[in-house]
Amino acid sequence: MARKDDILKSFLTHELLESKYELKKEELPNTVREALNSDKPIVKAIALIVEGLEKSPTASDNELRNSVLQFLNTAI
């Protein structure tokens, strides 16, 4: 498993996300690629952040913010 997939898993298995968004462990994506195709906005938003931070060169904070805001504005 790639480092970015491990990072994604650590975010998605956090108890706060599990309780607030009712994410079930068996339904969570295993890779960032799968998470980017998720129908759950919180999962896809976290995947966008992880993908941006793990690409080379790393996305700036402003680029990440704009990417997530653009996604959330269209998803809602």
Side-chain angles (χ1 to χ4, degrees):
M1 189 174 276
R3 180 174 180 242
K4 63 183 178 181
D5 297 332
D6 290 336
I7 293 169
L8 175 73
K9 278 288 212 189
S10 71
F11 278 112
L12 294 181
T13 56
H14 191 279
E15 62 188 43
L16 182 63
L17 284 176
E18 189 175 328
S19 63
K20 183 168 177 102
Y21 296 98
E22 300 176 1
L23 298 176
K24 296 182 174 96
K25 288 184 182 183
E26 59 274 359
E27 296 176 359
L28 294 176
N30 291 314
T31 65
V32 172
R33 184 176 301 261
E34 289 175 10
L36 289 171
N37 294 320
S38 177
D39 59 345
K40 298 183 191 291
I42 189 65
V43 172
K44 187 169 181 177
I46 292 171
L48 285 169
I49 294 167
V50 171
E51 180 75 13
L53 290 173
E54 289 297 305
K55 73 178 184 179
S56 181
T58 303
S60 70
D61 290 348
N62 195 36
E63 290 172 328
L64 286 173
R65 182 177 54 85
N66 289 338
S67 174
V68 171
L69 285 175
Q70 180 181 10
F71 164 69
L72 291 175
N73 285 333
T74 58
I76 296 175

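In this chain, residues are counted from 1 in sequence order. Keep in mind that what you see is a predicted model, and the values were worked out from it rather than measured.
Inter-residue side-chain proximity for Asn62 and Arg65 is flagged as met; some heavy-atom pair is nearer than 4.5 Å. Contact annotation: the side chain of Arg33 never approaches that of Glu51 to less than 4.5 Å [non-hydrogen atoms, C-beta and beyond].
Considering every non-hydrogen atom in both Leu12 and Ile46, the closest pair reads CD2-CD1, 4.0 Å. Of all the heavy atoms in Leu36 and Ala47, the pair that sits closest is CD2-CB, 3.7 Å. Smallest separation of non-hydrogen atoms from Val43 and Pro29: CG1-CG, 3.7 Å. Nearest heavy-atom pair across Leu17 and Phe11 is CD1-O, 3.0 Å. Taking each heavy atom of Val32 and Asp5 in turn, the nearest pair found is N-OD1, 2.9 Å. The two residues Glu18 and Thr13 come nearest to each other via the heavy atoms OE1-O, 4.3 Å.
By the criterion of side-chain heavy atoms lying less than 4.5 angstrom apart, applied directly or through intervening Ile, Leu, Val, Met, Phe, Trp or Tyr residues, Leu53 is not grouped with Leu69; the two fall into different hydrophobic clusters.
Listed for the Thr58 side chain is no donor-acceptor partner under 3.5 Å among the backbone atoms of Glu54. Counting only distance, with no hydrogens or angles, the side chain of Gln70 and the backbone of Ser67 share no donor-acceptor pair below 3.5 Å.
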Item to check | Pair Leu8-Thr31, side-chain contact (heavy atoms from CB on, under 4.5 Å): steps then yes or no | outcome: CA-CA 7 Å; Leu8 175 73; Thr31 65; over 6 Å; no
Item to check | Worked verdict on Asn30 versus Lys9 for side-chain contact (heavy atoms from CB on, under 4.5 Å) | outcome: CA-CA 7 Å; Asn30 291 314; Lys9 278 288 212 189; 3.1 Å; yes
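Between Lys44 and Asn37, the side chains place no donor N or O within less than 3.5 Å of an acceptor N or O (distance only, hydrogens not considered).
Other residues, nucleotides and ligands contribute over 12 non-hydrogen atoms within 6.0 Å of the CD atom of Glu27. Within a 6.0 Å sphere centred on CG of Asn73, heavy atoms belonging to other residues, nucleotides or ligands number more than 12.
In this structure, CG in Leu48 is found 12.5 Å from CG in Asn66, a value given to the nearest 0.5 Å. Rounding to the nearest 0.5 Å gives a distance of 5.5 Å between CD of Glu63 and NZ of Lys55.
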